[in-house]
Amino acid sequence: MTPQRLPAPTSRIAPPDRLLPVDPTARAIARRLYDGVAGLPIVSPHGHTDPRWYAENEAFADPSSLFVTPDHYVFRMLHSQGVSMEALGIPAKDGTPVEADPRAVWRLFAAHYHLFRGTPTRLWLDHAFAALFGLDERLNAANADAAYERIDVALKLPAYRPRALFDAFGIEVIATTEGALDDLRWHAQLAASGWKGRVVTTYRPDAVTDPDFEGFRANVARLGEITAEDTATWAGYLEAHRKRRAFFKRYGATASDHGLPSARTANLSPADAERLFLTVTTGAPTADEADLFRGQMLTEMARMSLDDGLVLQIHPGSRRNHNARVFARFGRDMGADIPGRTDYVAALKPLLDAVGNETALTIILFTLDETAYSRELAPLAGHYPALKLGGSSIRSRA
Amino acid sequence: MTPQRLPAPTSRIAPPDRLLPVDPTARAIARRLYDGVAGLPIVSPHGHTDPRWYAENEAFADPSSLFVTPDHYVFRMLHSQGVSMEALGIPAKDGTPVEADPRAVWRLFAAHYHLFRGTPTRLWLDHAFAALFGLDERLNAANADAAYERIDVALKLPAYRPRALFDAFGIEVIATTEGALDDLRWHAQLAASGWKGRVVTTYRPDAVTDPDFEGFRANVARLGEITAEDTATWAGYLEAHRKRRAFFKRYGATASDHGLPSARTANLSPADAERLFLTVTTGAPTADEADLFRGQMLTEMARMSLDDGLVLQIHPGSRRNHNARVFARFGRDMGADIPGRTDYVAALKPLLDAVGNETALTIILFTLDETAYSRELAPLAGHYPALKLGGSSIRSRA
Amino acid sequence: MTPQRLPAPTSRIAPPDRLLPVDPTARAIARRLYDGVAGLPIVSPHGHTDPRWYAENEAFADPSSLFVTPDHYVFRMLHSQGVSMEALGIPAKDGTPVEADPRAVWRLFAAHYHLFRGTPTRLWLDHAFAALFGLDERLNAANADAAYERIDVALKLPAYRPRALFDAFGIEVIATTEGALDDLRWHAQLAASGWKGRVVTTYRPDAVTDPDFEGFRANVARLGEITAEDTATWAGYLEAHRKRRAFFKRYGATASDHGLPSARTANLSPADAERLFLTVTTGAPTADEADLFRGQMLTEMARMSLDDGLVLQIHPGSRRNHNARVFARFGRDMGADIPGRTDYVAALKPLLDAVGNETALTIILFTLDETAYSRELAPLAGHYPALKLGGSSIRSRA
């Protein structure tokens with residue numbers, strides 16, 4: 001594969017130095033540094049794309065279902081300014097009718113586009129509008145229809161299908177993320193297709209490791225069916241994870257990924273861990289026991305990583321589904337994930353005591369709390385061979 | 001009213017670019033941006049001025065009682081460097097005699113003025129000294145008397161009376177803050193005076209909503225007398241608030257304002273809220289119950305805002321009266337208010353669950369903890385239509 | 001003493017403007033400011049040097065035992081990248097054999113020197129290599145032996161003995177830190193030597209004030225033997241501290257120094273303090289009681305400072321010996337000290353209530369949590385005459 005990029009035309013809405021320092025001396029240095037890396041292929045270990053795109057390689061349906069309705073950074077910001085999520089066409093799980101016309105959604109989006117001023121989301125969207133669709137004017141109510149037409153026409157072209165964009169963007173490899181119970185059908189279809197693009201999966205078992213996840217117990221039972229293991233027992237449950245990790249590795253997985261409200265870890269004795277497992281799967285666990293179990297499972301996953309080589313990725317510190325009304329009407333992952341202050345030094349110690357000095361293990365810790373970087377995370381990473389630091393998702397601050 | 005400003009003469013102690021970036025490219029941009037807004041009228045929703053000034057329109061008495069003794073940012077910084085508050089003329093409530101000569105206070109202030117180097121307080125004072133009184137030399141022991149004379153003479157002039165300064169500063173509207181039990185006599189006098197300047201009040205009920213406030217129970221009883229409501233009952237107490245809010249609105253109030261040690265909120269059932277009210281007004285509340293009551297009252301105030309349209313302003317996170325000796329001798333609000341780390345994500349959830357999605361409500365949240373902005377506050381404000389962010393008081397860091 | 005400095009030759013690895021801003025306008029200002037202070041004598045109140053150096057004035061043994069093995073900022077960073085501490089010659093207390101050849105240690109260090117890119121440690125080392133030994137090339141595997149030779153030869157010269165360096169660096173005074181049980185023999189030898197360099201001790205009593213310190217009870221007993229006081233009693237224990245502080249003052253001490261996991265302070269009644277003392281020295285104290293005792297001892301030390309004039313230095317917030325395996329094999333103070341979030345506002349109140357308004361007392365508070373500076377520490381220091389702020393150890397973030 002020869003990585004190629006779409007030409008990035010000069011556009012008033014995305015001038016080439018828009019992210020560089022204003023001082024000319026610093027700007028020249030930054031430009032030199034940027035030009036040295038701008039052409040490198042993209043290795044995206046946490047890419048948030050849908051494997052079905054690459055498997056089916058269908059055209060994207062329309063501008064709204066590509067840029068507005070699936071992107072909670074877009075619609076919940078508009079929601080916070082008083083735009084209703086229903087009018088933006090966000091599907092409601094309680095049956096409330098929502099806007100079905102993508103042109104109407106786009107007009108509403110365009111009419112409020114000025115509200116994104118100063119946000120990473122606008123930087124992101126303007127870049128896409130300029131570099132991919134040649135838009136030269138900031139989106140607004142007056143040009144909404146013209147922009148819609150231009151993007152909609154382009155999306156029908158072969159060059160805008162997922163695999164073509166994958167190549168044009170110069171992607172060397174991208175990782176998607178699938179739940180532990182996923183059958184990886186799109187990855188299987190991809191593997192059978194003969195396409196050369198490298199799209200790998202990632203093992204994300206929150207639905208079967210987090211006692212507070214919706215349907216946790218049914219999920220654990222289903223995990224047993226899929227793997228032919230007795231997940232009513234601690235040993236069978238662990239073995240089921242090992243089998244699923246091996247299955248995910250067959251579709252390219254190089255990592256597991258774990259989202260948790262805190263960075264708490266635990267390293268219980270096998271007997272205590274088993275007792276806790278029975279409590280969360282059959283008893284009436286307290287909030288603290290549920291949290292302890294999540295922490296214990298991180299350490300179990302780290303131990304499995306020592307055997308199968310998967311990188312352990314931890315995303316702690318997000319209080320999910322904060323907005324009770326939005327959660328009730330639209331369900332989980334609708335953007336109401338608020339970063340909270342997170343303690344790392346004490347919280348990670350049990351995990352680090354267990355595996356932190358293993359040079360063969362790689363733990364990647366992400367954070368949403370930038371104040372923890374220099375105080376806690378860099379010093380921890382500067383002590384433990386296994387620990388590496390990931391970035392934080394700045395778009396979440398928009 | 002045609003907003004006008006006093007001419008800001010060029011002065012060595014307040015050069016015009018003193019707050020702009022040092023890099024010439026950035027400075028030119030900043031200057032262009034500043035010039036675009038410098039002439040706009042001032043809308044000051046939280047102005048910290050005394051309505052009596054505008055009502056009586058008397059001359060300010062002397063430089064010390066204008067710039068030193070009422071400003072805890074000034075005298076407590078000097079106190080921290082070993083200057084006694086008594087010598088600065090701060091009235092002691094325990095009867096300790098204090099310096100009564102404003103010239104002696106001014107000399108002591110001037111002799112220690114170098115200690116304000118690098119503080120927002122010096123920026124503020126130097127601006128006032130230069131722009132209003134034409135001082136061209138940094139205040140010090142040698143020029144203290146000359147500076148005093150110059151300011152004192154000016155203060156006797158008609159142009160330096162409160163209403164004249166209000167016009168000269170280009171103030172379109174300024175909000176003062178009064179307690180729930182205040183009779184708003186100065187606002188009444190203002191309204192009767194025919195003066196065109198717009199000075200509005202703000203409803204600040206801490207003395208009757210905070211069980212830890214000095215004289216809380218007597219205050220609640222007094223609230224009942226003023227409103228002819230039975231504030232021994234929860235229903236009567238709430239109704240009394242409604243009446244006072246209506247009374248404040250008659251004097252221009254557009255907002256209520258609430259100072260709390262934490263951002264804790266609550267949304268109890270009416271029965272539980274009533275029980276808690278009886279505990280804090282007649283029982284022996286724990287510290288936690290007092291805190292819970294403050295949090296419940298925020299939600300009650302938000303509900304009243306839905307009815308009467310007042311903006312809800314919250315100032316959480318200040319540990320007030322930290323210095324026990326200063327509090328004992330000089331009383332409350334003497335500057336010993338220390339910002340503390342404040343959790344917002346969990347603390348605000350009960351309030352936001354109750355009213356956060358109301359587009360007709362405006363909650364303004366101030367903070368003294370700048371590390372919470374990008375991690376917690378911006379994401380919260382980017383999810384809840386009702387929530388807006390206010391600034392933080394940088395002078396408190398001086 | 002006429003302070004003199006070694007000439008700092010221009011070197012490619014330490015260009016003179018390496019720490020100045022990149023914008024030319026700002027750089028010129030920074031250069032002017034720096035040149036104004038660069039020649040001043042060094043007053044180092046917390047110098048981390050060994051008094052034995054100055055007392056014996058022997059040549060440093062070799063480059064590795066000067067730059068690598070005693071510096072946990074160096075070896076634990078390499079350890080975090082998978083280099084074994086044993087191969088770096090770090091003495092193991094469990095008897096594991098370690099590399100004994102300083103040239104082998106140096107070669108390993110040099111081969112991994114690129115890993116220090118972007119760290120304060122490299123800035124520090126490059127400065128020393130350039131200014132003291134004239135190295136002009138970044139250390140690496142290829143030039144390791146040549147660099148070793150050059151440094152090793154220099155270390156044998158009289159100009160590189162400790163006292164000569166002390167003079168060449170322009171040190172006016174440097175403070176070392178010794179434990180409460182130290183006999184200060186090197187300071188005594190220094191005093192007897194007639195050398196004019198001023199090296200003073202500092203009283204660091206953690207081993208006898210921290211119930212969690214290894215050998216705490218035996219240390220307290222030993223304190224009694226040294227001072228001929230009955231340290232089984234609270235009164236005798238306090239008197240023993242007073243005697244040791246007086247002894248340290250005879251060797252120049254101007255300060256005490258205290259390291260604690262939190263900033264907690266206490267001001268118990270004498271009876272409660274005595275009871276707590278008996279619990280931690282003879283009973284089974286809880287973690288909370290141990291912490292409370294540390295906090296009480298800060299206040300006791302502050303009271304003694306009012307009598308004997310020693311400055312009270314507090315280093316709170318470091319979670320020491322975080323890496324269990326490193327601690328087990330190599331012992332304490334091997335670099336695994338992780339800064340943690342630290343509360344100051346409530347934690348320091350008991351101490352500040354007791355002595356915070358004393359203008360004759362100086363408390364210096366250090367911090368490893370830079371997010372606390374503007375929110376908590378600057379406001380506290382701006383209220384309490386006794387409180388001053390120290391810097392934070394940025395090298396710990398490397």
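Convention: sequence-line order gives letters A, B, ...; per-chain numbering from 1.
- Of the listed residues (B/L380, B/T359, B/L352), the greatest number of heavy-atom pairs within a distance under 4.5 Å of chain A belongs to B/L380.
- Interface remark: of the candidates B/T25, B/I29, B/T371, B/N357, B/N357 forms the most heavy-atom pairs closer than 4.5 Å to chain A.
- Side-chain contact check for A/S80 versus B/L387: every heavy-atom pair is 4.5 Å or farther apart.
- In B/R18, the CZ atom is crowded: over 12 heavy atoms of neighbouring residues, nucleotides or ligands sit closer than 6.0 Å.
- Interface remark: of the candidates B/D353, B/V345, B/D343, B/V345 forms the most heavy-atom pairs closer than 4.5 Å to chain A.
- Residue B/A381 touches chain A through its backbone alone, counting heavy-atom pairs closer than 4.5 Å.
- Between B/H383 and the options A/R76, A/M77, A/H72, A/H79, a side-chain contact (heavy atoms from CB on, under 4.5 Å) holds for only A/R76.
- Considering CD of B/E376 and CG of A/L368, their distance stands at 11.0 Å, rounded to 0.5 Å.
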